[in-house]
Amino acid sequence: MKRILMYSLMIGWALAAYSQHVIELEETELTFVPSAKVIFEDYGNGNLRISEAYSNQFEKNAIRFLKENFDIHEFLRLNKTENFDQVMVLFSSSRGSLKAQYDKNGELVKTFQKFRDLPLPKAVTEQVQHNYRNWSVVHNKYLATSRKDEIVKEKYVIHIQKGSMKDRLVITPKYDSRLGDIGLAQNKP
């Protein structure tokens, strides 16, 4: 009986070894070109609806989304706004908004962004997890201001909880151009 069992196992291993051969497939190329689609355009009344090509496209980089999908010159032409120095345009989504200020030539002067419950950057998440083990992030806010299209000040306001204890963190990313890295400063409000 032992021999039959041993021979059966040896034959099973041999068949399994011969059945595992590599199948080479042809090379394929995948491309992904994310672009938003304008679904309603009425610059004369100040309305523009844009469908995002992927989730959180606007929130991920609001200034780039603005530059790629909004034509300020068309807006100014259709609204016939000649007697002004600056114009403020508000862009909003379900998670927040971007206020953009343009000069009379249609150049972006400054922006202010305010979003809630965005996925936190890796460096911010790691800092919170390192300093607050076993705490949960309840919700967060992202606030940023920029000059032209370059962010000059940003911060994350993060609400955390552990059981009945609650805390609020303010984390400010600091960019060191010499190191090419992000340092984080945490402030208790």
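Side chains included, hydrogens not; waters and symmetry mates left out as well; all remaining heavy atoms used.
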Holding to side-chain contact (heavy atoms from CB on, under 4.5 Å), I want the full list of residues that pass it with [X], two or more places apart in sequence or in another chain.
{"X": "Asp117", "answer": "His139"}
{"X": "Leu90", "answer": "Ser97, Lys99"}
{"X": "Lys153", "answer": "Thr145"}

Notebook entry, point to check: Just wondering, are more than 12 heavy atoms of other shown residues or ligands nearer than 6.0 Å to CZ in Arg95?
Noted result: yes

Notebook entry, point to check: What heavy-atom pair brings Ile63 and Ser146 nearest, and what distance separates the two atoms?
Noted result: CD1-OG, 3.7 Å

Next item on the list: For residues Ala100 and Leu108, report the shortest heavy-atom separation together with the two atoms involved.
Entry: CB-CD1, 3.9 Å

Next item on the list: With the side chain counted from C-beta on, respond yes when Asp167 and Tyr132 share a heavy-atom pair under 4.5 Å apart, and no when they do not.
Entry: yes

Item checked: Result of checking Phe115, Phe70, Phe91 against Phe58 for ring-ring contact (aromatic ring centres under 6.0 Å, His included) -> Phe115

Margin query: Checking Tyr102 now: which residues fulfil ring-ring contact (aromatic ring centres under 6.0 Å, His included) with it, not counting sequence neighbours?
Written below: none

Under the side-chain hydrogen bond (donor to acceptor under 3.5 Å, both in side chains) test, which residues partner [X], sequence neighbours left out?
{"X": "Lys148", "answer": "none"}
{"X": "Tyr142", "answer": "Glu154"}
{"X": "Asn61", "answer": "none"}

Next item on the list: Applying salt bridge (charged side-chain N to carboxylate O under 4.0 Å, His left out), name anything that partners Asp149, two or more places apart in sequence or on another chain.
Entry: Lys67

For the atom pair [atom1] ([X]) and [atom2] ([Y]), what is the distance rounded to the nearest 0.5 Å?
{"X": "Gln127", "Y": "Leu120", "atom1": "CD", "atom2": "CG", "answer": "11.0 Å"}
{"X": "Gln113", "Y": "Lys141", "atom1": "CD", "atom2": "NZ", "answer": "15.5 Å"}
{"X": "Arg168", "Y": "Lys166", "atom1": "CZ", "atom2": "NZ", "answer": "13.5 Å"}
{"X": "Glu59", "Y": "Phe65", "atom1": "CD", "atom2": "CZ", "answer": "9.0 Å"}

Notebook entry, point to check: Does any N or O in the side chain of Asn105 come within less than 3.5 Å of the main-chain N or O of Glu107, such that one atom is a donor and the other an acceptor?
Noted result: no

Next item on the list: Establish whether Val109 and Leu66 are linked, either directly or via other cluster members, by ILVMFWY side-chain heavy-atom contacts under 4.5 Å.
Entry: no

Note to self: If hydrophobic clusters are built by linking Ile, Leu, Val, Met, Phe, Trp and Tyr wherever their side-chain heavy atoms come under 4.5 Å apart, do Met88 and Leu143 end up in the same one?
What the structure shows: no

Donor-acceptor pairs are to be reported for all side-chain atoms of residues 155-165 against protein atoms at under 3.5 Å, with residues two or more places apart or in another chain.
residue, atom, partner, partner atom, Å
Gln161, NE2, Gly163, O, 3.0

Checklist line | Steps toward side chain to side chain contact (heavy atoms under 4.5 Å, CB included) verdict (Val128, Ile171) | finding: CA-CA 9 Å; Val128 172; Ile171 298 178; 3.7 Å; yes

